Trainee: 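The structure under discussion is supplied below as structure tokens; questions concerning it will follow.
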Amino acid sequence: MPAVQWSDAGEPYFAHPTVAGITITPYRDSAQEARDMVELYDHEIVGRTAFLRPWPYKPSDARWWLDRVVPAQRAAVCALRERERERAGAGTGTDAGTGARLTSVFTCVRDAAGHMIGDVGLWEDTVEVGLAEQADGAVDAGDELGDTHAAGENAAPAPPDSDVDADADADADAGAAQRKPYLLAYHLRPDFHGCRIGRDAVRVVLEWATDNLRPSVVVANVETTNAASQATVRALGFALARTAVWQWPADKGGGQREVGRWEWRL
């Protein structure tokens, strides 16, 4: 897994493992970020596959999302920095005074100029996600899909390892019991398709999550007609668990679509 790097401004990031100049960072609270989000999410290919995200996507939608996400990510960045310091033997044993839990902050895929060209969302799910088919054979997916064509359930980080050998097994059992599923969601601007930018960005985030968040399972819900996205999750090691028929929003074409539930486990 590539090492977490830190910019001079204190922003954590990953350098893309295969494409020079591409980075994976948190969201940035700026007008440029909002413009980049509109360019990404308002594209028809992206917009029609996002179950919950508004489409057409407007600047006010981007502003709403940044106001919601950026404060939480700032707290999580503090928790990440403290985790990094602890691993280097210089930690304080706290989350930098914020009380924040460590969550994924590596959500934005950026080009060499720093513009957001894609996303990799890995979010802890607060709702039990199920794809049990309704009697009529269609599921009203609602919050199950998150904001993208590829979404899943999210997991909470396990508690720190005990320093007492005698408690190791008990701590492991407790950690396993506290793990939860994680939601995976990803998009990439169509003009960047075909370069493995998205696939390898997702891989980096999953590798980081394995070591830091330790999810019980990561789930990606992918339409069965989306061959490219199915190839992505398959290449990343996801396995198809089952399929279901979902009722799609009327403003994005409506009708029923078959969706596969792909699972990735440690």
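On a predicted model such as this, the values are computed, not experimentally measured, just so you know.
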Trainee: Could you tell me which non-hydrogen atom of A15 sits nearest to which non-hydrogen atom of Q5, and how far apart they are?
Mentor: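 Heavy atoms of A15 and Q5 come nearest at CB-NE2, 3.8 Å.
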Trainee: Treat each ILVMFWY residue as a node, draw an edge where side-chain heavy atoms are under 4.5 Å apart, and state whether W64 and Y57 are in one component.
Mentor: yes
Trainee: Which atoms form the tightest heavy-atom contact between S216 and R265, and what is the distance?
Mentor: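 For S216 versus R265, the nearest heavy atoms are O-NH1, 3.7 Å.
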Trainee: Could you report the tightest heavy-atom contact between V4 and L80, atom names first, then the distance?
Mentor: CG1-CD2, 4.5 Å
Trainee: Of all heavy-atom pairs between A209 and P215, which one has the smallest distance, and what is that distance?
Mentor: O-CD, 3.5 Å
Trainee: Quick one: are V259 and F51 in side-chain contact, heavy atoms under 4.5 Å?
Mentor: no
Trainee: Would a hydrophobic clustering, with Ile, Leu, Val, Met, Phe, Trp and Tyr connected at side-chain separations under 4.5 Å, put L206 with Y186?
Mentor: yes
Trainee: Atom CG of D36 and atom NE2 of H115: how far apart are they, to the nearest 0.5 Å?
Mentor: 6.0 Å
Trainee: Transitively linked via ILVMFWY side-chain contacts under 4.5 Å: M116 with V38?
Mentor: yes
Trainee: Using side-chain heavy atoms (C-beta onward) and a distance below 4.5 Å, is E223 in contact with W246?
Mentor: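 Result no, sub-4.5 Å side-chain heavy-atom pair not found.
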Trainee: Using a strict cut-off of less than 4.0 Å between a Lys/Arg side-chain nitrogen and an Asp/Glu carboxylate oxygen, indicate whether D211 and R87 qualify as a salt bridge.
Mentor: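 Yes.
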Trainee: Compare every heavy atom of G260 with every heavy atom of T224, then report the nearest pair and how far apart it is.
Mentor: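 Nearest pair, atom of T224 first, then G260: CG2-N, 4.0 Å.
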Trainee: Between atom CG of N212 and atom OG1 of T103, what is the distance when rounded to the nearest 0.5 Å?
Mentor: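 It comes to 11.0 Å.
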Trainee: Could you state the interatomic distance from CH2 (W55) to NZ (K252), rounded to the nearest 0.5 Å?
Mentor: 9.0 Å
Trainee: How long is the span from the CG atom in L236 to the CG atom in D200, to the nearest 0.5 Å?
Mentor: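 Going from the CG atom of L236 to the CG atom of D200 covers 8.0 Å.
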Trainee: Has E263 got a side-chain atom pairing as donor or acceptor with L240's backbone, closer than 3.5 angstrom?
Mentor: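 Side chain of E263 to backbone of L240: no pair is present.
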Trainee: Report yes or no: does W264 contribute a side-chain atom to a donor-acceptor pair with the main-chain N or O of A239 at less than 3.5 Å?
Mentor: no
Trainee: Could you please spell out the steps behind the side chain to side chain contact (heavy atoms under 4.5 Å, CB included) verdict for H16 and R110?
Mentor: CA-CA 9 Å; H16 196 278; R110 302 188 184 280; over 6 Å; no
Trainee: Would you call D119 and R189 a salt bridge, using N to O less than 4.0 angstrom?
Mentor: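 Judged by the 4.0 Å cut-off on N to carboxylate O distance, D119 and R189 do not form a salt bridge.
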Trainee: Using the ring of each side chain (for Trp, its six-membered ring), is F106 parallel, tilted or perpendicular to F14, with breaks at 30° and 60°?
Mentor: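 Plane angle between 30° and 60°, so tilted.
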Trainee: Provide the closest heavy-atom pair for D42 versus P56 in the form atom of the first, atom of the second, distance.
Mentor: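 That would be OD1-CA, 3.2 Å.
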Trainee: After noting the C-alpha distance and the side-chain angles of D29 and R74, does the key distance pass the side chain to side chain contact (heavy atoms under 4.5 Å, CB included) rule?
Mentor: CA-CA 10 Å; D29 191 2; R74 285 174 176 166; 3.8 Å; yes
Trainee: Apply the test side chain to side chain contact (heavy atoms under 4.5 Å, CB included) to residues H193 and L188: give CA-CA distance (whole Å), side-chain angles for both, the deciding distance (0.1 Å), then the verdict.
Mentor: CA-CA 7 Å; H193 286 184; L188 189 67; 4.0 Å; yes
Trainee: Please determine if E82 and R85 form a salt bridge, counting it only when a charged side-chain N lies under 4.0 Å from a carboxylate O.
Mentor: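 Between R85 and E82 there is a salt bridge, with a charged N closer than 4.0 Å to a carboxylate O.
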Trainee: Got R81 and P12 here, is their nearest side-chain heavy-atom distance under 4.5 Å?
Mentor: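 Side-chain contact under 4.5 Å: no.
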Trainee: Going hydrophobic residue to hydrophobic residue with side-chain gaps under 4.5 angstrom, can you get from L122 over to I197?
Mentor: yes
Trainee: What verdict does the side chain to side chain contact (heavy atoms under 4.5 Å, CB included) test give for D61 and K58, after you've listed the backbone C-alpha separation in whole Å, the side-chain angles of each residue and the deciding distance to 0.1 Å?
Mentor: CA-CA 5 Å; D61 297 318; K58 303 182 294 295; 3.6 Å; yes
Trainee: Would you call Y13 and I24 a side-chain contact if the rule is heavy atoms closer than 4.5 Å?
Mentor: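 The answer is no; the side chains never approach within 4.5 Å.
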Trainee: For the side chain of E33 and the backbone of R28, is there at least one donor-acceptor N/O pair under 3.5 Å apart?
Mentor: yes
Trainee: Out of curiosity, R83 CZ to C78 SG, how far, rounded to the nearest 0.5 Å?
Mentor: 14.0 Å
Trainee: Answer yes or no: is there a side-chain heavy-atom contact under 4.5 Å between V219 and F238?
Mentor: no
Trainee: For the residue pair Q230 and N226, confirm or rule out a side-chain donor-acceptor distance under 3.5 Å.
Mentor: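 Note: Q230 and N226 side chains miss the donor-acceptor criterion.
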Trainee: Shared ILVMFWY cluster between F192 and V204, side chains joined below 4.5 angstrom?
Mentor: yes
Trainee: Can you tell if the side chain of Y27 reaches within under 4.5 Å of the side chain of M37, non-hydrogen atoms only?
Mentor: yes
Trainee: Can you tell me how far the CH2 atom of W6 sits from the CD atom of E11, to the nearest 0.5 Å?
Mentor: 9.5 Å
